[in-house]
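Computed from heavy atoms alone, side chains included, the values below leave out hydrogens, waters and symmetry copies.
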Amino acid sequence: MTFLVAALVAIAAAPNITGTWNMGLQGGHVIPTALVLKQDGTSLTGTIVLPTQDPNKQIEVALSGEIADGVFKLTGTVENAKEAATLTIDGKILEDGTLEGQVDLPGHAHLPWTAERLKNRKP
């Protein structure tokens, strides 16, 4: 019985990362982008908005994956590019509640990133 209670407390204490995140891709400079996540248990879905060569155009990529023990992996297909490619985002929740990880777009980029939750504006 004690094990069950401990497991339920651990599940209840696990942070939920549902929300909008200000993500900074670390290239030659910080590339700001939006990361929107929805967590349902260990299932994780969302979108990332990627910049393109055209400063007036961005690509939104649907993501899906899983989270466990504060570590997650998301994948999505970049379909609006010249060639469809699979994007992989590996990440973890840090003690201060921020996120960090790596974005991998094979043949194009392998970038570290950090993110903090978008804060609600006060009226």
Side-chain angles (χ1 to χ4, degrees):
M1 185 65 142
T2 304
F3 175 75
L4 178 60
V5 171
L8 291 174
V9 169
I11 290 170
N16 187 306
I17 60 173
T18 294
T20 302
W21 296 81
N22 291 322
M23 180 185 228
L25 299 171
Q26 314 293 318
H29 60 282
V30 176
I31 304 163
T33 190
L35 177 66
V36 179
L37 300 173
K38 182 171 187 236
Q39 181 179 341
D40 184 9
T42 60
S43 177
L44 196 57
T45 57
T47 58
I48 185 171
V49 178
L50 298 173
T52 66
Q53 296 290 338
D54 180 347
N56 298 315
K57 184 178 179 187
Q58 297 177 328
I59 298 172
E60 186 173 305
V61 179
L63 303 168
S64 63
E66 295 199 357
I67 183 168
D69 300 322
V71 176
F72 59 92
K73 184 172 195 162
L74 294 158
T75 59
T77 302
V78 181
E79 296 189 25
N80 297 342
K82 290 180 183 176
E83 292 182 22
T86 299
L87 171 78
T88 303
I89 300 174
D90 291 298
K92 66 181 177 179
I93 305 169
L94 301 179
E95 286 185 22
D96 65 0
T98 61
L99 307 176
E100 74 173 11
Q102 297 281 325
V103 171
D104 189 28
L105 187 57
H108 298 283
H110 184 75
L111 303 172
W113 61 269
T114 58
E116 58 181 40
R117 194 181 296 271
L118 180 67
K119 296 181 178 39
N120 291 331
R121 290 184 174 177
K122 294 182 180 178

So if you build clusters from Ile, Leu, Val, Met, Phe, Trp, Tyr with side-chain heavy-atom gaps below 4.5 Å, do L99 and V36 land together? no

Would you say [X]'s side chain and [Y]'s backbone share a donor-acceptor pair under 3.5 angstrom?
X: R117; Y: T18; answer: yes
X: Q26; Y: G28; answer: no
X: Q39; Y: I17; answer: yes

Give, for atom [atom1] of [X] and atom [atom2] of [Y], the distance between the pair rounded to the nearest 0.5 Å.
X: L105; Y: L25; atom1: CG; atom2: CG; result: 11.0 Å
X: I31; Y: W113; atom1: CD1; atom2: CH2; result: 14.5 Å
X: D96; Y: L94; atom1: CG; atom2: CG; result: 5.5 Å
X: T114; Y: M23; atom1: OG1; atom2: CE; result: 8.5 Å

Testing [options] for side-chain contact (heavy atoms from CB on, under 4.5 Å) with [X], which one passes?
X: I93; options: V71, T98, N16, I67; result: I67
X: L63; options: L87, T45, T47; result: L87
X: W21; options: L37, L118, I48; result: L37

With sequence neighbours left out, the residues meeting side chain to side chain contact (heavy atoms under 4.5 Å, CB included) with S43 are none

With sequence neighbours excluded, tell me which residues meet salt bridge (charged side-chain N to carboxylate O under 4.0 Å, His left out) with K38. none

What are the two closest heavy atoms between V103 and I89, and how far apart are they? CG2-CG1, 4.0 Å

Can you pull out every salt bridge (charged side-chain N to carboxylate O under 4.0 Å, His left out) where at least one residue sits in residues 63-73? Sequence neighbours excluded, please. none

